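Below is one structure, written out as structure tokens; comments come after it.
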Number of protein chains: 2
Amino acid sequence: MENPLAKRFAPHEIAEAEAFIEANPEAPLDPRIERLVNDLIGRVADKWTLLVLELLEEQGTLRFTRIAQQVEGISQKMLTQTLRQMERDGLLTRTVHPVVPPRVDYALTPLGNSLSAAFCGVWVWAERNLEAVEDSRRRFDTRD
Amino acid sequence: MENPLAKRFAPHEIAEAEAFIEANPEAPLDPRIERLVNDLIGRVADKWTLLVLELLEEQGTLRFTRIAQQVEGISQKMLTQTLRQMERDGLLTRTVHPVVPPRVDYALTPLGNSLSAAFCGVWVWAERNLEAVEDSRRRFDTRD
DNA sequence: CAGCATCCCAAAAGATACTG
DNA sequence: CAGTATCTTTTGGGATGCTG
């Protein structure tokens with residue numbers, strides 16, 4: 001199994017931990033929950049996932065080939081993999097139309113849209129601070 | 001060179017493009033800038049980078065070994081690499097104290113703190129939606 | 001068209017040993 | 001202590017062929 005921890009909790013266990021966190025924002029997380037959150041962050045804070053997420057957010061429903069064309073540099077294998085993982089995590093829906101030739105549509109779920117919104121601050125940060133970062137990199141590379 | 005695009009722009013070129021973006025939020029980005037932003041996102045939206053960022057945000061100045069202890073599962077190689085990249089991007093400072101045994105302190109810069117703040121929404125999203133995601137994964141794994 | 005399967009190579013990550 | 005150097009393992013990703 002890809003993530004052995006993913007099945008150790010009943011939904012109510014997670015819900016209780018969640019409620020506890022909400023009530024005690026300064027309390028340290030349950031290590032198991034912390035690990036699940038870190039795993040989740042690890043999956044969504046992925047280059048391809050982010051690019052697909054933003055593309056679907058901007059353009060709505062898209063077919064496999066359209067996504068492949070617009071996500072620069074992604075291989076078909078990684079796109080398939082990324083889409084499957086996002087589907088598994090509930091970020092998008094995959095709709096297969098029984099026609100010839102086959103047609104498969106991908107679209108964000110409300111959960112996917114909310115994640116995209118959560119990342120908005122990071123995109124804004126990246127655009128706002130691009131110059132500062134590039135400056136820092138130049139300085140670092142030319143230091144004695 | 002790690003990123004051949006990183007040195008093709010003078011700061012004022014980037015600044016002008018930035019201003020244009022601010023003035024035309026719906027206009028498509030200059031492809032070169034878009035690429036730089038994507039590269040930057042690719043570096044900061046990295047599992048280890050995020051974990052180190054949050055750790056330093058919460059605990060302030062930390063030494064190498066303290067970070068290694070608290071970032072679960074990171075190897076010293078990846079930690080060194082991650083810290084160097086973050087330093088290069090201007091997210092943190094690395095202070096070497098000339099003592100025996102050696103002591104090296106790491107602390108976020110204002111830029112690093114602002115990135116951490118930008119990621120706040122993502123952490124909140126992950127905690128809030130952990131249960132929904134885990135449910136989705138269980139359903140996906142047990143589908144017919 | 002939208003993929004899955006397979007093979008292969010390169011790059012990234014991990015484990016371990018060693019050093020100023 | 002805070003790394004570097006080295007070696008091994010894992011993963012990423014291109015290429016190709018095949019299928020419903």
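Worth saying up front: this structure is predicted, and the values here are computed from it rather than measured. Chain letters run A, B, ... following the sequence lines, proteins first and then strands; every chain starts at 1.
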For the pair A:Asp141 and A:Arg138, find out whether any cationic side-chain nitrogen is under 4.0 Å from an anionic carboxylate oxygen. no
Please say which of B:Arg66, B:His97, B:Arg94, B:Arg63 ends up in a side-chain hydrogen bond (donor to acceptor under 3.5 Å, both in side chains) with B:Asp105. B:His97
What does nucleotides 2-20 of chain D look like as a protein-contact string, B for base, S for sugar-phosphate only, - for none, at under 4.0 angstrom between heavy atoms? SSB--------BB-----B
Are side-chain heavy atoms of B:Ser114 and B:Leu111 found at a separation under 4.5 Å? yes
Does any part of the side chain of B:Arg35, heavy atoms only, come nearer than 4.5 Å to the side chain of A:Glu72, both counted from C-beta? yes
Result of checking A:Leu40, A:Asp39, A:Ile41 against A:Val37 for side chain to side chain contact (heavy atoms under 4.5 Å, CB included): A:Ile41
Could you check how far [atom1] of [X] sits from [atom2] of [N], rounded to whole Å?
X: A:Asp46; N: C:dA12; atom1: CG; atom2: P; value: 15 Å
X: B:Lys47; N: C:dA12; atom1: NZ; atom2: P; value: 17 Å
X: A:Ile67; N: C:dC1; atom1: CD1; atom2: C1'; value: 14 Å

Under a single-linkage definition using a 4.5 Å side-chain heavy-atom cutoff for Ile, Leu, Val, Met, Phe, Trp and Tyr, are A:Val100 and A:Val96 assigned to the same hydrophobic cluster? no
Classify the ring geometry of B:Phe64 against B:Tyr106: parallel below 30°, tilted from 30° to 60°, perpendicular beyond 60°. tilted
Looking at A:Phe140, does the NZ or CZ of A:Arg137 lie under 6.0 angstrom from its six-membered ring centre and within 45 degrees of the ring axis? no
Taking the axis from the first five pairs and the axis from the last five, what angle separates them in the helix from C:dC1-D:dG20 to C:dG20-D:dC1, rounded to 10 degrees? 50°
